Peer 1: 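Questions regarding the structure given below will be posed in turn.
Per chain, numbering begins at 1; letters A, B, ... match sequence-line order. Only heavy atoms go into these numbers, but all of them, side chains included; no hydrogens, no water, no symmetry mates. Please read all numbers here as calculations on a predicted model, not as lab measurements.
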There are 2 protein chains.
Amino acid sequence: MAASGAIQIGELSRRTGCNIETIRYYERIGLLPTPSRRGRFRSYAREDVARLGFVRRARELGFTLDEVRALLGLANGGESRCADVRDLAASHLKDVRERIADLERMERVLADSVRACDAGLEPGCPLLDALGAGSRDAEAA
Amino acid sequence: MAASGAIQIGELSRRTGCNIETIRYYERIGLLPTPSRRGRFRSYAREDVARLGFVRRARELGFTLDEVRALLGLANGGESRCADVRDLAASHLKDVRERIADLERMERVLADSVRACDAGLEPGCPLLDALGAGSRDAEAA
DNA sequence: TCTACCATCTGTAGTAACTACAGATTCAAG
DNA sequence: CTTGAATCTGTAGTTACTACAGATGGTAGA
């Protein structure tokens, strides 16, 4: 609205959906530049909104803060090396897929146990039995 | 091998696949009982192997340590209330499914970006474009 | 003018579930 | 007697925030 476009941290928070404490945290760890001040208060411009938005979206895609830092560097570093970005994304994608696979393994066991419990055909408790399995002798394969 | 079956922490670690530091950590937070000592060294019995195995398997299913504590209580508390176990598992299952859904959302965007990059039909960098999208005005929907 | 309130400030500590030391002992074997 | 492996205690670091406590500043209403 204002011609200058300068906003305070609260407004930046509202526009990006990013918690105020988190914004200050990002600043502390150097993910966001030290902002100028209006008196004692931090003052942000249009480009700060963009940068924080970038960070937020990268976080939503599951990138770690270190990866976000790298992405920011690649995005701002003159000729943004798309190949490097691609590699970072591909490596992260691999990680995401592994986590999905892990969770799906858990999902199967849990769903089976709950189903077995609901069916009520087993003598004991299906989940406790699954967890107690191998208690006699836990030989690592 | 020994008639008593008493083992040290290293052997417990080997049998359960659980790190020694982690075993001591579990003891500190009360997940495992304070073991007896042979001199200054912790001494474990068969049932400790079983209990730690239970904890490990529960962790592999993604239960938090607090949930594991609850499960241990339900398992050991006389008439183990299977219904309570079921509810805990069902609630955790819901959580696991939400996490899978989150990761799959990430997976889709990442895979699309990498694919678009490999295709090389776009002018800019697909991922950076996706992350920068909305930088002009980040309106929360 | 006084007072209340709101946003902001700094700095620290807490969260989950480990992991990684440093530095001291102790046991058994050669 | 010395060496090495295993264990001990205690503390600090990790990730990405979140939650205060206590101070300060500017504005708005009575």
Side-chain angles (χ1 to χ4, degrees), chain A residues 2 6-32 34-44 48 51-52 54-72 92 95-96 98-99 102-103 106, chain B residues 1-2 6-32 34-44 48 51-52 54-72 91-92 95-96 98-99 102-103 106:
Chain A
I7 54 172
Q8 288 189 331
I9 199 168
E11 180 61 20
L12 177 61
S13 168
R14 245 164 275 124
R15 289 202 200 169
T16 57
C18 187
N19 198 311
I20 289 180
E21 331 263 89
T22 305
I23 296 173
R24 286 196 284 249
Y25 168 68
Y26 285 165
E27 180 187 328
R28 244 197 338 276
I29 64 170
L31 208 60
L32 298 181
T34 306
S36 58
R37 300 270 173 153
R38 285 212 164 194
R40 309 180 312 119
F41 295 176
R42 289 170 179 80
S43 175
Y44 298 96
D48 295 309
R51 189 181 174 94
L52 182 51
F54 183 100
V55 171
R56 290 280 294 170
R57 280 183 289 275
R59 290 289 301 132
E60 276 163 17
L61 289 182
F63 287 103
T64 66
L65 290 181
D66 272 352
E67 288 168 335
V68 175
R69 209 187 302 271
L71 286 170
L72 281 167
H92 175 52
D95 195 76
V96 166
E98 280 166 11
R99 275 151 66 195
D102 283 350
L103 285 166
M106 299 177 195
Chain B
M1 295 213 176
I7 55 172
Q8 289 189 331
I9 199 168
E11 180 61 19
L12 178 60
S13 168
R14 245 164 276 124
R15 289 202 199 171
T16 57
C18 187
N19 197 311
I20 289 180
E21 331 263 85
T22 305
I23 296 172
R24 286 196 284 250
Y25 168 68
Y26 285 167
E27 179 188 329
R28 242 192 346 272
I29 65 170
L31 207 60
L32 299 180
T34 305
S36 59
R37 300 271 173 152
R38 286 212 166 193
R40 308 182 316 119
F41 295 176
R42 290 170 178 79
S43 174
Y44 298 97
D48 295 309
R51 188 181 175 94
L52 182 52
F54 183 100
V55 171
R56 291 279 293 171
R57 280 183 290 275
R59 290 290 299 134
E60 275 163 17
L61 289 182
F63 287 103
T64 66
L65 290 180
D66 272 353
E67 288 168 336
V68 175
R69 209 188 302 271
L71 286 170
L72 281 167
S91 143
H92 174 53
D95 197 75
V96 167
E98 281 165 9
R99 276 152 64 197
D102 283 349
L103 286 166
M106 299 176 195

Peer 1: Within less than 4.0 Å of OP1 or OP2 of C:dT8, is there a side-chain N or O belonging to A:Q8?
Peer 2: yes

Peer 1: Within this structure, what is the CZ-to-C1' distance between A:R38 and C:dC9, rounded to whole angstrom?
Peer 2: 17 Å

Peer 1: Using a cut-off of less than 4.0 Å, is there contact between a side-chain N or O of B:Y26 and OP1 or OP2 of C:dC18?
Peer 2: yes

Peer 1: Show your reasoning for whether side-chain contact (heavy atoms from CB on, under 4.5 Å) applies to B:Y25 and B:N19.
Peer 2: CA-CA 10 Å; B:Y25 168 68; B:N19 197 311; over 6 Å; no

Peer 1: Roughly how far, to the nearest 0.5 Å, is the CZ atom of A:R15 from the OH atom of A:Y44?
Peer 2: 13.0 Å

Peer 1: Please figure out whether B:R28 or B:I20 has its closest DNA chain D nucleotide nearer the 5' end.
Peer 2: B:I20

Peer 1: Strictly below 4.0 Å: does A:R24 bring a side-chain N or O up to OP1 or OP2 of C:dC9?
Peer 2: yes

Peer 1: Could you tell me how far apart A:Y44 (OH) and C:dA7 (P) are, to the nearest whole angstrom?
Peer 2: 16 Å

Peer 1: How many whole angstroms separate atom CD1 of A:I23 from atom P of C:dA7?
Peer 2: 14 Å

Peer 1: Can B:R24 and B:E21 be counted as an ion pair, charged N to O under 4.0 angstrom?
Peer 2: yes

Peer 1: Is the shortest side-chain N to carboxylate O distance from A:R51 to A:D48 below 4.0 Å?
Peer 2: no

Peer 1: Reading DNA chain D from 5' to 3', where do the contacts with chain A start and stop? Cut-off is 4.0 Å to heavy atoms.
Peer 2: D:dA16 to D:dG25

Peer 1: Between atom CD in B:E67 and atom P in C:dA16, what is the gap in whole Å?
Peer 2: 12 Å

Peer 1: Considering only NZ, NE, NH1 and NH2 on the basic side and carboxylate oxygens on the acidic side, decide whether A:R14 and A:E11 come within less than 4.0 Å.
Peer 2: yes

Peer 1: So A:I9, base contact, sugar-phosphate only, or nothing? Heavy-atom distance under 4.0 Å.
Peer 2: sugar-phosphate

Peer 1: Between A:E21 and B:F41, name the one whose nearest nucleotide on DNA chain D is closer to the 5' end.
Peer 2: B:F41

Peer 1: Let's go through B:R37 and B:R42 carefully: what are the C-alpha distance in whole Å and the side-chain angles of both, what is the deciding distance for side-chain contact (heavy atoms from CB on, under 4.5 Å) to 0.1 Å, and is it a yes or a no?
Peer 2: CA-CA 5 Å; B:R37 300 271 173 152; B:R42 290 170 178 79; 3.6 Å; yes

